[in-house]
Amino acid sequence: MTDSSTPKRVLVTGATGYIGGRLVPRLLEAGYTVRVLVRSPQKLTDVPWRDQVEVVEGDLGDAAQVASACVDVDVVYYLVHSMGGKGDFEQTELDAAEHVAAGAAAAGVSRIVYLGGLHPEGVELSKHLRSRTEVGRILLASGVPTIVLQAGVVIGSGSTSFEMIRHLTDILPYMPAPRWVRNFIQPIAVRDVLHYLLASAEVDRDVNRAFDIGGPDVLRYGQMMNGYAVEAGLPQRPIAPLPVLTPWLASQWVNLVTPIPRRLASPIIESLLVDCVMGDHDIDAVIPPPEGGLTGYRRAVRLALQRMRDGEVETSWRNATVDGAPSDPLPSDPDWAGHTVYIDLKERKTSAGADRLFSVIESIGGENGWYSFPLAWAIRGWMDKLVGGVGLRRGRDDPQHLSVGDALDFWRVEYLERGRMLRLRAEMRVPGLAWLEMSATPVGDGSVYRQRAVFFPKGLGGRLYWFAILPFHGIIFNGMANRITEAAVALPSESSAQRKSRVGPVSPEEHEAVDSAEADMQASRPTPEAAE
């Protein structure tokens with residue numbers, strides 16, 4: 001433990017998530033020393049506060065790693081939820097809570113803060129709300145003073161709940177909906193959630209209980225949709241409750257008409273089956289509301305929309321870890337990785353400089369598209385949606401710039417050397433592991449574009465899949481290479497807008513220059529272990 005004259009040391013779990021990624025910089029601003037426990041430290045590579053925190057690699061499922069992370073810590077924030085977990089995710093969450101409870105107690109931690117879910121008493125809860133309630137119970141019984149903040153629908157730019165409301169309202173002029181659209185909900189602005197989380201670190205140690213938190217408005221879900229419509233300048237949406245639309249069917253519907261994948265839509269919809277409003281306002285006696293009062297729903301929507309227009313979305317549901325998606329990096333030499341490997345390589349020479357070429361590469365996807373055969377990409381996205389994948393409409397947070405760990409449609413940014421190379425790891429449902437790599441290498445007065453698709457098939461199905469799509473690759477990937485280089489030449493810059501594109505095969509000398517440059521890039525970074 002630190003003495004009272006030194007800043008409190010805080011451990012944040014879930015720092016790569018929606019809430020945790022916003023809480024960390026606010027803790028730093030408030031003067032706390034911050035340690036984060038994350039499974040994938042590379043996801044923090046480009047966050048602005050990376051160099052101000054201590055990063056510990058570990059998993060809440062490993063008791064020893066959790067115990068080690070809790071040493072010399074005053075406050076532990078537990079901000080991890082298995083929103084889209086498969087299998088026995090409830091037991092996984094309970095085990096993680098037990099590990100945090102035991103580790104915090106052994107280390108002499110003075111406070112645990114947990115963000116749970118708002119729920120009514122005396123009714124049967126969905127498995128996700130039930131799991132969150134049980135996690136809170138375990139932490140409260142740990143012997144470490146614990147505050148459990150129970151929040152309902154969180155409204156903020158990039159939050160899953162807000163994005164679901166936004167897309168349903170934007171897309172559908174008429175909303176057929178289940179009966180639960182008439183249930184009452186007490187939404188809370190993300191800024192107010194952060195206010196309560198931050199203040200919880202300084203609450204007296206004799207406080208050990210759960211508190212309901214919510215905004216000033218109690219609304220029906222249909223009212224929330226039409227409140228969004230007003231703020232977005234849209235007409236009011238007629239809503240017709242349907243008795244036959246079960247939660248499972250509703251999640252399928254949301255999955256198909258919005259970018260929200262089924263695994264994230266399901267727990268939100270399940271939580272709407274009952275009224276979710278505050279049972280009391282006891283929190284006011286422990287943590288006063290923020291200066292100026294709590295944020296109303298309409299104002300929260302207005303602020304979220306403004307953040308989106310300004311391109312200032314701090315964190316987003318898009319970057320949540322996809323359950324079951326591969327996380328192993330591409331081996332530095334796929335041919336020697338112990339896999340059957342299929343590679344589709346395209347190279348183009350262009351008069352555009354490498355910096356301009358890479359600016360086109362980095363802006364790929366989302367609203368900017370993939371530069372080739374849009375219908376084929378759209379069909380692939382719909383196919384992925386139909387089998388419960390993320391689909392193509394997940395988009396990207398920033399239209400021009402990417403960071404390691406960013407979600408990009410149905411890809412994830414695995415490696416980024418700005419100005420030189422971008423590697424994407426596939427998160428769509430495929431029978432194997434897939435990557436797409438694009439690089440820009442200076443050669444003479446121009447540059448060379450190299451595009452490499454790598455696929456490790458899984459079993460016979462993976463091999464058949466590759467050969468089935470091979471004819472489409474000839475169209476899609478050739479078109480991508482041609483149009484990306486053409487777009488780089490067309491970028492207005494100096495006199496290059498008047499220079500003609502030199503798209504064509506790469507000469508042996510230029511090929512050697514590209515290989516040498518990329519070999520230097522490979523040698524300059526750690527060699528990842530081969531995918532298992």
Side-chain angles (χ1 to χ4, degrees), residues 18-19 83 115 117-120 126 128-129 149-194 196 212-243 245 247 249-251 253-261 264-279 293-309 313 316-317:
Y18 179 74
I19 296 292
M83 279 286 286
L115 182 62
L118 188 62
H119 61 276
S126 71
H128 290 88
L129 279 178
L149 298 173
Q150 299 178 152
V153 171
V154 177
I155 302 299
S157 57
S159 78
T160 311
S161 298
F162 173 71
E163 289 294 289
M164 196 166 97
I165 292 169
R166 181 170 78 90
H167 284 284
L168 286 174
T169 311
D170 283 350
I171 294 170
L172 301 174
Y174 171 82
M175 178 65 181
R179 285 179 175 173
W180 46 256
V181 296
R182 301 190 62 80
N183 289 341
F184 287 103
I185 304 165
Q186 192 162 2
I188 183 170
V190 65
R191 59 175 51 203
D192 293 336
V193 174
L194 294 169
Y196 286 120
D212 291 350
I213 59 172
D217 301 316
V218 176
L219 304 165
R220 300 182 192 274
Y221 197 80
Q223 290 176 311
M224 291 173 63
M225 291 180 65
N226 278 318
Y228 166 83
V230 171
E231 294 299 330
L234 300 171
Q236 296 283 290
R237 294 333 197 200
I239 298 173
L242 301 177
L245 204 55
L249 285 173
S251 66
W253 174 244
V254 170
N255 176 63
L256 288 175
V257 302
T258 80
I260 310 298
L264 293 181
S266 292
I268 294 176
I269 290 171
E270 288 176 1
S271 70
L272 300 174
L273 298 178
V274 293
D275 290 340
C276 279
V277 299
M278 295 175 65
L294 294 166
T295 307
Y297 172 72
R298 291 268 299 274
R299 180 166 181 259
V301 169
R302 191 158 57 248
L303 291 169
L305 290 172
Q306 187 61 51
R307 287 279 190 179
M308 292 170 62
R309 284 191 290 267
V313 180
S316 171
W317 69 272

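This one's a predicted model, so the numbers in the text were calculated from it and none came from an experiment.
Between Val190 and Phe162 there is no side-chain heavy-atom pair separated by less than 4.5 Å. The shortest distance between side-chain heavy atoms of Val154 and Ile188 falls below 4.5 Å. With contacts defined as side-chain heavy-atom distances shorter than 4.5 Å, the pair Arg307/Leu303 does not qualify. Ile185 has its side chain out of reach of Leu219: every pair of non-hydrogen atoms, C-beta onward, lies at least 4.5 Å apart. Considering only heavy atoms from C-beta on, Met225 stays 4.5 Å or farther from Arg166 through its side chain.
Considering all non-hydrogen atoms of both residues, Cys276 and Pro120 come closest at SG-CD, 4.4 Å. Contact detail for Leu234 and Thr169: the closest heavy-atom pair is CD1-O, 4.2 Å. Pairing each heavy atom of Asp212 with each of Met278, the nearest pair is O-CE, 3.3 Å. Closest non-hydrogen pair, Ala300 versus Ala189, comes out as CB-CB, 3.8 Å.
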Audit row: Glu163, Met308, side chain to side chain contact (heavy atoms under 4.5 Å, CB included) steps and yes/no: CA-CA 11 Å; Glu163 289 294 289; Met308 292 170 62; 4.2 Å; yes
Stepwise side chain to side chain contact (heavy atoms under 4.5 Å, CB included) test for Asp170 and Tyr228: CA-CA 9 Å; Asp170 283 350; Tyr228 166 83; 3.1 Å; yes
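Remark: the backbone N or O of Met224 is paired with a side-chain donor or acceptor of Tyr297 at under 3.5 angstrom. Counting only distance, with no hydrogens or angles, the side chain of Arg237 and the backbone of Asn226 share no donor-acceptor pair below 3.5 Å.
The side chain to side chain contact (heavy atoms under 4.5 Å, CB included) check on Asn183 picks up Trp180, Asp275, with sequence neighbours excluded. For Leu294, the side chain to side chain contact (heavy atoms under 4.5 Å, CB included) criterion is met by Asp192, Tyr196, Pro216, Pro289, Pro290, not counting sequence neighbours. Val277 pairs by the side chain to side chain contact (heavy atoms under 4.5 Å, CB included) definition with Phe184, Gln186, Val218, not counting sequence neighbours.
With rounding to the nearest 0.5 Å, the separation of CD1 in Ile213 from CD in Gln150 is 9.0 Å.
Checking Arg220 against Gln223 by side-chain atom types alone, no donor-acceptor pair falls below 3.5 Å.
The side chain to side chain contact (heavy atoms under 4.5 Å, CB included) with Pro187 is formed by just one residue from the set Thr295, Val301, Ile165, Ile155; it is Ile155.
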